[in-house]
Structure formats: C-alpha cells, structure tokens
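Residue numbers count from 1 along this sequence. Order of appearance sets the numbers: ligands from 1, and atoms from 1 within every ligand.
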Amino acid sequence: MSPPQLALLLEEPKGDFVVRQKEIQTPPPGEVLIKIHAAALNPGEWKVHRSGALIESYPAMLGTDTAGEVEAVGEGVTKFKKGDRVLGSGFFTLDRGAYQQYSLIPAVFLAKLPDTLSYDEGATLPMAFVTAAKGLLAAEPFGAGLNPSFEWPTTQHSGETALVIGGSTSVGQLVIQVLKLLGFTNIVAYASKKHHAFLTELGATQCVDRAAVSLDALADLIPSAHIVYDCVAADEGFAASKIVRSDGCAITVDIVSERSDAAKEVGKGKKFVAVFAVSFLPGGHGEVGEMLWPLFGKLLEQGLIKPNRFEILPGGLKAVAGGLDKLARDEVSGVKLVVHPQETVL
Ligand SMILES: NC(=O)c1ccc[n+]([C@@H]2O[C@H](COP(=O)([O-])OP(=O)(O)OC[C@H]3O[C@@H](n4cnc5c(N)ncnc54)[C@H](OP(=O)(O)O)[C@@H]3O)[C@@H](O)[C@H]2O)c1
C-alpha cells in the first residue's frame with residue numbers, strides 16, 4: 001500500500017473541515033495521479049458545503065481547481081508523463097477533490113501548464129476558463145453556441161457587442177478574454193472602478209463602474225448587446241435577460257432552476273443559457289468537457305490566456321475553511337484564493 005497523504009475532509013453534511021491521512025491511489029486506465037502544488041478556491045464550494053448539494057456520500061471532499069505535476073499515469077494515457085506540469089479540473093469526490101496532496105483526474109480534463117505560468121497562476125484557471133468557454137462556445141443547452149465544434153481560430157464577431165456583468169470576477173476575467181479571441185468589437189465590463197485598468201488589459205473596450213451605475217441604468221447605457229454574460233449570480237443577474245437583443249443570448253452562472261425560470265420569463269422568449277461548468281455530470285457535460293480541454297491546452301500553449309491575479313492563503317489545506325468564509329462574506333475582490341496542499345501539517 002502506498003504511504004498516506006494529507007487531505008481535507010468533510011466527515012458529515014455541513015460539518016467542519018478536518019485534515020486526515022488518506023491513501024494515495026493508483027491511477028486507473030485513462031486517469032492521471034497529480035501531486036498538487038496549488039489548489040484554488042471557488043465560491044460554489046461554500047454554497048455546496050452549506051447546502052450539501054452535489055455530495056453523494058461522506059466523508060467528502062471539495063476543491064476542483066488543480067495545478068501540479070504528474071506523479072503517475074494509468075493505462076492508455078499517452079499525452080502526459082511523470083513530471084509534466086499540468087492543470088486540471090477535479091470534482092467533489094474523495095478521488096478527485098483538489099483539497100488533498102495527490103488527486104486523480106481523467107487525462108481528458110487536463111492540460112499542460114506552460115513554463116510561462118506558475119502553479120499558482122495555473123490553479124486560478126480551470127473552473128473560470130471552463131465556465132467562460134462552455135457558456136460562450138458550446139451548443140445549446142450548454143452554451144450560446146458561438147463555436148460548438150471548439151475548433152480554433154473561429155468565426156469572428158466583428159461589429160458585435162457583449163456585456164459582462166461582474167467583469168472582475170474570476171469567471172468574468174476569462175469571459176472577457178474569450179470574447180476578445182472571438183473578435184467581439186465592443187466588450188463592456190461592469191465592475192468596480194479599481195479593476196478597470198486590468199480588465200482593459202484583458203480585452204474590455206469599455207468599463208462601467210458598478211458603484212456609479214445600477215443594473216437598471218446599465219440597460220439604458222448598453223441598450224443592445226448580442227451577448228450578456230452574468231457572472232455574478234445575484235438576483236440582479238436577471239438584467240442579462242432584459243438587456244440582451246432578441247437575436248442574442250443571455251448567459252448566467254446561476255444554476256438555481258427557479259431563478260433561471262424567472263430570468264427566462266424576464267427575457268420573454270430570448271435565448272437564455274444557465275452554465276454548469278462541471279464535466280463530471282451525466283447528460284453530455286463530459287462530452288463537452290472533452291472537446292473543450294484540447295482547446296484550453298492550445299490557447300495556453302499559445303500564451304493567449306492570462307490567469308487571474310491571486311492571493312496565497314498560508315497554512316496549506318487548513319486555510320481552506322477560512323478562505324471559503326471570506327468568499328461567502330463577499331470579501332474577495334478581483335483575486336483568486338490559492339492554497340498549497342504540500343505545506344499542510346497534521
Ligand atoms: N455555474 C457554474 O458552473 C459556476 C462556475 C463557476 C462560478 N460560478 C458562480 O459564478 C459566480 C462568480 O464566481 P467567481 O469565482 O468568478 O467569483 P469571484 O471571483 O470570487 O467574485 C468576486 C467578485 O465578484 C464581484 N461582484 C460581486 N457582486 C457584484 C455585482 N453585483 N456586480 C458586479 N460584480 C460583482 C466583485 O467585484 P468588484 O471587486 O468589482 O466589486 C468581486 O471581484 C459565483 O456565484 C460562483 O458560484 C458558477
């Protein structure tokens with residue numbers, strides 16, 4: 001049996017996080033064992049922790065955004081080898097969670113991390129990129145269908161306008177970059193003023209200060225957008241459905257179905273997509289993920305994707321609980337929180 005590793009577990013629904021020893025697994029066919037150097041926190045995790053949604057059994061583990069080095073590969077994996085620097089998307093299970101020192105990820109949901117990016121930068125990207133790209137590119141019902149084959153380069157959207165509500169969110173920063181790659185002429189970011197210069201560097205052509213303009217007033221300012229991407233999932237996100245043109249698409253990260261239904265009602269027949277980034281779900285999400293990850297790898301290799309700015313939480317996995325609380329209190333602005341699982345002590 002392999003020596004144990006340290007992992008951050010949830011032993012019961014809505015319970016406390018505890019660090020425990022856990023066996024390191026051998027990768028099955030098609031999977032890769034990653035030694036995790038950096039794991040990034042996502043706001044969805046405090047929601048999952050507090051609601052118990054998506055977790056089928058306990059003990060359970062959270063964390064999806066992973067960057068590290070390949071420790072071992074399962075049968076049939078040819079694209080990766082021991083020692084490769086990689087980033088990947090895990091899921092909330094004991095095998096695949098990011099809040100441990102070693103995790104298993106299917107090779108199809110992994111990409112090589114270019115030497116130009118650190119592990120910390122790499123960990124900021126998987127969830128944000130997948131959410132942004134799936135919502136914009138994938139065919140309905142997964143996305144707006146702007147490039148459903150995920151081939152690149154793609155049709156350009158010259159002359160078109162997109163509005164990103166929550167441009168400074170981790171997801172919003174990637175939405176802006178993918179819109180730029182798609183050739184949108186006008187990319188409007190709705191975010192706090194302190195982030196405007198950075199969002200302009202990423203590709204925003206106009207920034208609107210969210211402290212100065214309400215979402216209702218935004219509808220007057222940007223009366224006609226082909227794409228409105230709500231990256232905030234607040235009630236005001238319904239504005240996405242209101243603002244988008246009748247031939248455009250409103251996209252939201254809000255997966256609460258009653259709110260989606262209400263947003264559809266506000267949009268009265270306009271195209272509306274609620275994005276679910278997770279690839280480990282039935283109903284075609286895995287197939288979309290398998291098409292999307294090679295594109296992600298290509299864009300990273302070509303240096304076309306910039307990571308989020310980040311803040312390291314000291315203390316390894318023990319810092320996750322405090323970080324999720326900060327996210328829940330809305331105290332994180334324009335950065336991704338990152339932990340180093342290898343620093344964890346019992
Ligand atoms: N459906 C999915 O699969 C999926 C996947 C990923 C994320 N999500 C959800 O998407 C949302 C964003 O996630 P994230 O990781 O990108 O978040 P994040 O980076 O942690 O979001 C923090 C940012 O939110 C901004 N913000 C808060 N309220 C806002 C508002 N009313 N208008 C504009 N900006 C606002 C703040 O902006 P300022 O600093 O500018 O004030 C802050 O920079 C979360 O609700 C998350 O749960 C869903």
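Proximity of Q173 to ligand 1 is not established, as no heavy-atom distance is less than 4.0 Å. The shell of residues lying under 4.0 angstrom from ligand 1, judged by heavy atoms, includes I255. Taking a 4.0 Å cut-off on heavy atoms, A128 fails to register as neighbouring ligand 1.
No close placement of the F92 and F280 rings is indicated, their centers lying 6.0 Å or farther apart.
Donor-acceptor pairing under 3.5 Å is recorded for the side chains of H37 and E69. Side-chain contact check for N186 and T205: no donor-acceptor pair (N or O, by modelled atom type) lies under 3.5 Å. S333 and K194 are linked by a side-chain donor-acceptor pair at a separation below 3.5 angstrom, with hydrogens and angles left out of the test. A donor-acceptor contact under 3.5 angstrom links the side chains of K336 and S170, judged on distance only. When only modelled atom types and interatomic distance are considered, Q25 and Y102 share no side-chain donor-acceptor pair under 3.5 Å. A donor and an acceptor atom, one from each side chain of H157 and T185, are nowhere located under 3.5 Å apart. A donor-acceptor contact closer than 3.5 angstrom links the side chains of H340 and D120. Side-chain contact check for Q100 and K22: at least one donor-acceptor pair (N or O, by modelled atom type) lies under 3.5 Å.
Residue contacts with ligand 1: Y190 is placed with no nitrogen or oxygen under 3.5 Å of a nitrogen or oxygen of the ligand (distance criterion only). Here's the thing with G166: none of its N/O atoms is less than 3.5 angstrom from an N/O atom of ligand 1. Between K194 and ligand 1, a contact under 3.5 Å exists for no N or O pair. Note: no N/O pair closer than 3.5 Å links A191 and ligand 1 by distance alone. At under 3.5 Å, not a single nitrogen or oxygen of D330, backbone or side chain, sits near a nitrogen or oxygen of ligand 1. The shortest N or O to N or O distance between V275 and ligand 1 is below 3.5 Å. Not a single N or O atom of T131, backbone or side chain, sits closer than 3.5 Å to an N or O atom of ligand 1. Between V253 and ligand 1, an N or O atom pair is found at a separation short of 3.5 Å.
Taking a cut-off of under 4.0 Å to the non-hydrogen atoms of S333, the atoms of ligand 1 that pass are 38 (P), 39 (O), 42 (C), 43 (O). Near G44, with a cut-off below 4.0 Å to any heavy atom, the atoms of ligand 1 are 47 (O). Within ligand 1, counting atoms from 1 as listed, the ones closer than 4.0 Å to a heavy atom of V171 are 6 (C), 7 (C), 16 (O). Of all atoms in ligand 1, listed by their number and element, those nearer than 4.0 Å to a heavy atom of K47 are 44 (C), 45 (O), 46 (C), 47 (O). With ligand atoms numbered from 1 in the order given, ligand 1 contributes 28 (N), 29 (C), 30 (C), 31 (N), 32 (N), 33 (C), 34 (N), 35 (C), 45 (O) to contacts under 4.0 Å with heavy atoms of V232. Near M127, the atoms of ligand 1 lying under 4.0 angstrom from a non-hydrogen atom of the residue are 5 (C), 6 (C). Close approach of ligand 1 to G334 is summarised as follows: ligand atoms under 4.0 Å from at least one heavy atom of the residue are 43 (O). When each atom of ligand 1 is checked for a heavy atom of F276 under 4.0 Å away, the hits are 3 (O).
Side-chain atoms of K180 do not come within 3.5 Å of backbone N or O of A204 as any donor-acceptor pair. Side chain of Q5 to backbone of Q101: a donor-acceptor contact under 3.5 angstrom is found.
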side-chain hydrogen bond (donor to acceptor under 3.5 Å, both in side chains) evaluation trace for H196 with S168: CA-CA 8 Å; H196 287 188; S168 68; over 6 Å; no

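Taking each of A277, S214, A132, S168 in turn, the one with a heavy atom nearest to atom 36 (C) of ligand 1 proves to be S168. Nearest to atom 20 (O) of ligand 1 by heavy-atom distance, out of V332, L327, V208, N308, is L327. Compare G172, S192, A189, C207 by their heavy atoms: the one nearest to atom 41 (O) of ligand 1 is in S192. The nearest non-hydrogen atom to atom 32 (N) of ligand 1, considering only R210, K336, K326, comes from R210. Among P43, A40, C231, the residue whose heavy atom lies closest to atom 14 (P) of ligand 1 is P43.
Salt-bridge formation is detected for the pair E31/R96: a Lys NZ or Arg NE/NH1/NH2 atom is positioned less than 4.0 Å from an Asp or Glu carboxylate oxygen.
Connection of I222 to L182 is not established within any shared hydrophobic cluster, with ILVMFWY side chains joined at heavy-atom distances below 4.5 Å, either directly or through further cluster members.
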